[in-house]
Structure formats: structure tokens, C-alpha cells
Amino acid sequence: MHARCAFRLTRLRREPDAEPGRAGKQGKSVCAAKVHEGGAGAGDAQMGTYKCCIFFTRRFALSDASTPGDVRMLFTRHAGGAPYMGIDELRRYLAASGEAHVDADTAERIIDRVLQERSRTPRFGKPSLTIDDFQYFLFSEDLNPPICHSKEVHHDMNAPLSHYFIYTGHNSYLTGNQLSSDCSDIPIIKALQIGVRVIELDMWPNSSKDDVDILHGRTLTAPVSLVKCLKSIKEYAFVASPYPVIITLEDHLTSDLQAKVAKMVLEVFGDTLYYPESKHLQEFPSPEALRGRVILSTKPPKEYLESKGGTMKDRDIEPQFSKGQNEEAVWGTEVPDIQDEMQTADKQHENDILYTQRDVEEDDEKKMCQHHPLEYKHLITIKAGKPKGAVVDALKGDPDKVRRLSLSEQELAKVAAHHGRNIVSFTHKNLLRIYPKGTRFNSSNYNPFLGWVHGAQMVAFNMQGYGRSLWLMHGFYKANGGCGYVKKPDFMMQTCPDGNVFDPKADLPVKKTLKVKVYMGEGWQSDFKQTYFDTYSPPDFYAKVGIAGVPSDSVMQKTKAVEDSWVPVWEEEFVFPLTVPEIALLRVEVHEYDVSEDDFGGQTALPVSELRPGIRTVPLFDHKGLKFKSVKLLMRFEFV
């Protein structure tokens, strides 16, 4: 036993195949660790102590991370070489960081708060910050957040709905997978609480055919009543955003139940429900005009059966995840490249959706509409449907009316391979909704940029799932104060004199370069058990930093792994040339290196267009998108 322990504590050689800058656990040095027999000593409150075998423990001094050199330089410069930073000096720093509007009272409140939170009385008889106080300020999420206008709506909200990307849910009532999970109003409430603006409800007759249930048809999902969902929407619709909630109703009902739905909707929402006076809209209202309102969008039942069930070709495609994989395995899947998605879709089933007729003919639609009760049809603001003929024809639009078109992620990828500009042109006035393919049984998601780069306003996601794609969705809608509506860049809405529009596949010049420096991280020791990452030593954290956006901008890079430290200091810089910075996201992940499989340490995604230049605090979230209590990074953003 002693020999075995001694072998464990011998300095081990690095494996020759270890990745550069990423030393494995098998390459750790333990010579610096204090090894002693017996139990924990009195100093263990200040030490990280790990058991090794039975008779030995390993003690690691908690990292006393030094202040980054850039922070010291900023402090010295703005404090004028003095050992403290007063109100005027802090104002000078804030002005140099792009916050010229900060007055003396605000600067004083910042200093007072820092001193209060650090339980420290000011030196020299006046409020001032030492360099440690200054670093505390920089590392405060509340005082030094990473994005501008984090809680303020600042986009123009008076353009038609088609000018905005809209936070959109798919099968919003499901609590888990698409086949057997329960239906409930709880996922709807959670979605509204984070700012989702489009809620999808699938309406079916109940077992006695006299009322309406919400469920995923032809599956084992347990239903929830429509009225319960509607009441929850009314209660939580505007807790996170004052801008309109759109309810997409997927309709499987008889005409008498449709009439019942109309009555139910009017009773629940009352004056909150908006519906147009005219039969067809030539332009959608603006988010501002619909502020505090609920609107309905639906399509004929037969179109729903085709779109939601998926085409046979959808169902022929192999599922993305192996049989028996846990639903949670999806979070570890990397976001697919949209260029690869389009190329793959283009190779499959030639010409099956681009130019051939669809199942739903115009005469069939007219017949079905004749059976809709007049009041039910009158309440629908956004008329929706699948293409009645070829998809390329549906993208031509109608100059006399606007509508919503729905395509699966695969349909979009295939059409985009050859008709990307047609899609962009269609979305100037009309709404385009993209939904997950039918084989995503575990409620996984696709790369949302497949829709966004083509102007699709409603990129529908399974909000009850989680994974890297969903991290991007959550990050994208942190923009514009998190209100759920993000205005498209002007170039995506413009038509040139020659009739050309934005081409998502065009080679574009670099418009802006983002420099990102990752200084350090902290908080894991507060939010995780001591042995969560490693039984025998502190963690070996490394950070991954990159861009999600158009294919030419998308990239991921990583730092070295810092061994045996709960407070890793990297001080590494990355440079990202951006061709379309307006819709790009900064991706950040932290992992803990392990021999077999790396452990997850946090993630976030931030809109590049709203990053605050300078040194900022970046809070991290878990794989389900919930913010950690303490885990955060100190980073610097610079645009050149």
C-alpha cells in the first residue's frame, strides 16, 4: 500500500502525445504539493486538501492570483501613480472606457459600494480605491457587465415585424423529449420568463371530442388543457418584455372546436388580443404598435399534418444521436457548420422540394378555409402555411399581402444552397419560420445561423432542451435589452438599384477586427464541491474562445490549461477578423482537462455588436443555460 502511494506521488513524465499547451493529469507535477501522513491539519481551512490512498493527503495552497499586468497599468495611469484612486480618477478611467456620461455622484456610489461589499473603510479620509478594490470593481458583474445596454431596449421598434429577429420556441409545451415527455404550461412560463416571444401550441380534440388539449400528436406525450396554457401565457406574457407575444396555433380541430377556441381566446385575453380589421395585411405592424398585445398565427390543418409530421424524406434520415444516448448527451455536440449543412442537404434527394409540387393544393386550402368559423379566421393576424407548390415559387411573395412561411431546417438548407438571395428578399416583407427536423426526438437543435444569415425572423428552437446551439440562441437574444426582438442589420433589408439583395454566400471583406484577451477566472470553488473535477488535486482549467456567425467568421480557439488552480490565470489574447460583425456572437467556454474526458466548467455567448470595449466581467452559465452564482471570467474586448 505504501509503495503504491509512493508511486502515485512520484513526479510523472508527460505523455509525448499530449496536446501542446494542455498538459494532462498524467503530466502533473506533485513535487510542489506538501505530502504528509495523518489527517487534515489546522491550516486546512486555508488549503485545498485532497486524500491520496489511506495514509496520505495532498495539500495545495489556494492560488493567490496576482493582479493582471494590464489592470496594474490602468490603475497606475488613471491614479496618476498614487496608491489609491479617488472619485475624479475613477471618472477618468470610466470616460476612457467609453462611459463619458458618468458623473461624480455615480463614481462615488461605485466606490462606496465596492468598499461596503469588501467591508473596508476608506483610507485617507475620503472614498478611494486601492488596486485590490479596483480589481474587485472590474470583477463585479453588476458594476462592470460585458455588454452595453444590458437591460435597455435601444433598437428602433417602429419598423414592421418582418424587420426583426424574434425569439421563437418550438413545441413550447413539452417538458422533455418529443415522443414521451409530459405536456405542461411550465415550459411555456419558463420560456416567457427569459424573453421568448413566440409560443407554439399544438391543438387536438380531447378524448371526449368536446374540448381542446395541447399535445404532440401521434406520440405518447401526456396532454395539458388549452385554457391552462392560455391563462399562463396571459399571466407571464410581459414579465420579461413589453413587446408582443405571438402564439402559433397548430390546428387539428373540427369547426365547432375552432369556434370554442375563438371564444376561449377572447375570454382569456380580452383587449390584450390584437387582430386586424382587414382580411389581409399589406405590411405587418411594428413591435411598438403591438406593445403589450398578444397576436395569433395559424394555418390550415392539412398543412400542419405535412409540416409537423415531416416528409418521408425527413424520416428516412438517420437520427443525429445514437440509440440509448441520454438526452443530456446533446449538450456536448458541437454546432454544425452551416456551409456543410447546405452542401449535405443539396446532395440529398435531388429536386425533391425545390421544384416539385407539394401535397397541399390551393383548392384544398380554400375548401378547408370554408369550414373555419368566421370569428376564428378573423382573430388570426399572421396568416401562415407551408408552400402550396414549389418552394422557390413560394419565395416570390405576394405584393398585395404579407404572410408567414414555414420550412424545416433541412428544407431551408437545401433551398439556401441555390436560392439564398431569394430567401433574403422574401423576408423583407414576409415572415419566415424555421423549425427542427422531425428526427430530433431528444429535443436537440440546429445551428440558428442557418436561418439568421438568410433573414429568417422565427428560428424556432426546442427551449426545453439544451446544448451549444441553444447557448447561441440565448446569447443572441441578450441583445436589445433582452426584449426578444433584435432588429436586423440594415444591409439585410436593402435592395440595390440593380435589384440585388444581401448574398449570404458572398465573399465579404473584413469589416471589423475583435481582439479578446482572457485574463483569469474565479468562482468554481464556491459553486462546486472540492472533488467535483478531480479527486486528487485542484482543477486544470482551460478556456475556449471563438466566434459564431457567417461561415467565414466562425472559429474556436483555446488557451493553455492551467494546472492545479481554482483561480486560473491565462492572460492570452485572440484576434478575430469579422466580415459580418452585426450578427456575430462571441462564444466562451471553460473546461477542465482530464485524461479520459474533459469536464465542463461553464459557458456563455454574447452579441459582438453590444460588447463593451475594455476590461469586463463575463459571468458563465451551466450547460442548461442557468447562470452560476459565482463563476466568472475577467476579459478585455478591443475593436480595431
If you count the non-hydrogen atoms of other residues, nucleotides and ligands that lie under 6.0 Å from OH in Y532, is the total more than 12?
-> no

For S444 and N462 the tightest heavy-atom approach is O-ND2, 3.0 Å

Verdict with reasoning, I110 to L94, per side-chain contact (heavy atoms from CB on, under 4.5 Å) | CA-CA 11 Å; I110 291 174; L94 294 173; 4.0 Å; yes

Would you sort out whether K511 and E582 count as a salt bridge (Lys or Arg N to Asp or Glu O under 4.0 Å), showing the intermediate values?
-> CA-CA 10 Å; K511 187 179 294 186; E582 293 88 346; 2.8 Å; yes

Any donor-acceptor N or O pair under 3.5 Å, side chains Y136, E117 = yes

Please test F528 against W566 for ring-ring contact (aromatic ring centres under 6.0 Å, His included), starting from the C-alpha separation and ending with a verdict.
-> CA-CA 10 Å; F528 291 84; W566 284 102; 7.5 Å; no

Is it the case that Y519 and D70 place a side-chain donor and acceptor less than 3.5 Å from each other?
-> yes

Can you list the steps and then say if E572 with K544 is a salt bridge (Lys or Arg N to Asp or Glu O under 4.0 Å)?
-> CA-CA 11 Å; E572 294 189 41; K544 297 177 70 175; over 6 Å; no

Over all atoms of both residues, closest heavy-atom pair of R616 and S97 | NH2-O, 3.3 Å

Quick one: side-chain contact (heavy atoms from CB on, under 4.5 Å) partners of S232, sequence neighbours excluded?
-> D185, I189

Closest heavy-atom pair and its distance - A159, K487 = CB-CE, 4.0 Å

Evaluate salt bridge (Lys or Arg N to Asp or Glu O under 4.0 Å) for E638 paired with K517, printing each intermediate quantity in order.
-> CA-CA 9 Å; E638 180 183 0; K517 190 166 186 177; over 6 Å; no

Let me see the working for T175 and Q464 under side-chain contact (heavy atoms from CB on, under 4.5 Å), right down to the final yes or no.
-> CA-CA 6 Å; T175 57; Q464 74 278 19; over 6 Å; no

Determine, step by step, whether L586 and V545 satisfy the side-chain contact (heavy atoms from CB on, under 4.5 Å) criterion, reporting the C-alpha distance in whole Å, the side-chain angles of both residues, the deciding distance to 0.1 Å, and the verdict.
-> CA-CA 7 Å; L586 175 68; V545 183; 3.9 Å; yes

Value for NZ (K629) from OG (S526), rounded to nearest 0.5 Å, stands at 8.0 Å

Could you walk me through whether K627 and E141 pass the salt bridge (Lys or Arg N to Asp or Glu O under 4.0 Å) test, one step at a time?
-> CA-CA 12 Å; K627 188 166 70 173; E141 178 192 353; 2.7 Å; yes

Donor-acceptor side-chain pairing of Y485 and H163 below 3.5 angstrom = no

Could you tell me which non-hydrogen atom of V102 sits nearest to which non-hydrogen atom of A107, and how far apart they are?
-> CG1-N, 4.0 Å

Give a yes or no on this: more than 12 heavy atoms of other residues, nucleotides or ligands lie within 6.0 Å of atom CG of D271.
-> no

If you measure only the distance, is there a donor-acceptor pair under 3.5 Å linking the side chains of S630 and D527?
-> yes

Tell me yes or no: between the side chains of H101 and E99, is some donor less than 3.5 Å from an acceptor?
-> no

Which is it for H623 and Y466 under the ring-ring contact (aromatic ring centres under 6.0 Å, His included) test, yes or no, and what are the steps along the way?
-> CA-CA 7 Å; H623 72 281; Y466 30 88; 5.4 Å; yes

Measure across S241 and R197 and return the closest heavy-atom pair with its distance rounded to 0.1 Å.
-> O-NH1, 3.3 Å

Under 3.5 Å donor-acceptor, D622 side chain and K624 backbone | yes

Side chain proximity check, L129 to Y84, heavy atoms < 4.5 angstrom = no

Kindly determine whether Q525 and V567 satisfy side-chain contact (heavy atoms from CB on, under 4.5 Å), including the steps that lead there.
-> CA-CA 8 Å; Q525 195 161 29; V567 187; 5.8 Å; no

Are the side chains of L290 and L161 in touch, meaning some heavy atoms are under 4.5 Å apart?
-> yes

In terms of side-chain heavy atoms, does R291 have a donor or acceptor partner in Y243 at a distance below 3.5 Å?
-> yes

Under 6.0 Å between the ring centres of F621 and F628?
-> no

Are K234 and F269 in a cation-pi contact, defined as NZ or CZ under 6.0 Å from the six-membered ring centre and within 45° of the axis?
-> no

Thinking salt bridges, do E573 and R636 make one under a 4.0 Å N-O criterion?
-> yes

Compare all side-chain heavy atoms of F639 with those of T513 and state whether any distance is below 4.5 angstrom.
-> no

Below 4.5 Å, heavy atoms only, C-beta onward: do L633 and L620 meet side chain to side chain?
-> yes

Are the side chain of T617 and the backbone N or O of S140 linked by a donor-acceptor pair below 3.5 Å?
-> yes

Under-4.0 Å salt bridge between R587 and E589 = yes

Could you tell me which non-hydrogen atom of V569 sits nearest to which non-hydrogen atom of K560, and how far apart they are?
-> O-NZ, 4.2 Å

Looking at the rings of H591 and Y542, which for Trp means the six-membered one, are their centres under 6.0 Å apart?
-> yes

Can you label the angle between the F134 ring and the F75 ring as parallel, tilted or perpendicular, going by 30° and 60°?
-> tilted

Chi angles and distances behind the side-chain hydrogen bond (donor to acceptor under 3.5 Å, both in side chains) call for T67, Q135 | CA-CA 7 Å; T67 303; Q135 178 161 328; 3.1 Å; yes

Is V618 close to K632 at the side-chain level, that is, under 4.5 Å between some pair of heavy atoms?
-> no

Side chains of F576 and V516: closer than 4.5 Å at any heavy-atom pair?
-> yes

So how far is it from Y593 OH to D599 CG, rounded to the nearest 0.5 Å?
-> 12.0 Å

Is there a donor-acceptor contact under 3.5 Å from the side chain of Q603 to the main chain of V588?
-> no

Does the side chain of F533 reach to within under 4.5 Å of the side chain of W524, using non-hydrogen atoms?
-> yes

F461 ring center within less than 6.0 Å of Y446 ring center = yes

Please determine, by modelled atom types, if T579 and D553 share a side-chain donor-acceptor pair under 3.5 angstrom.
-> yes

Between H154 and E610, is any pair of side-chain heavy atoms under 4.5 Å apart?
-> yes

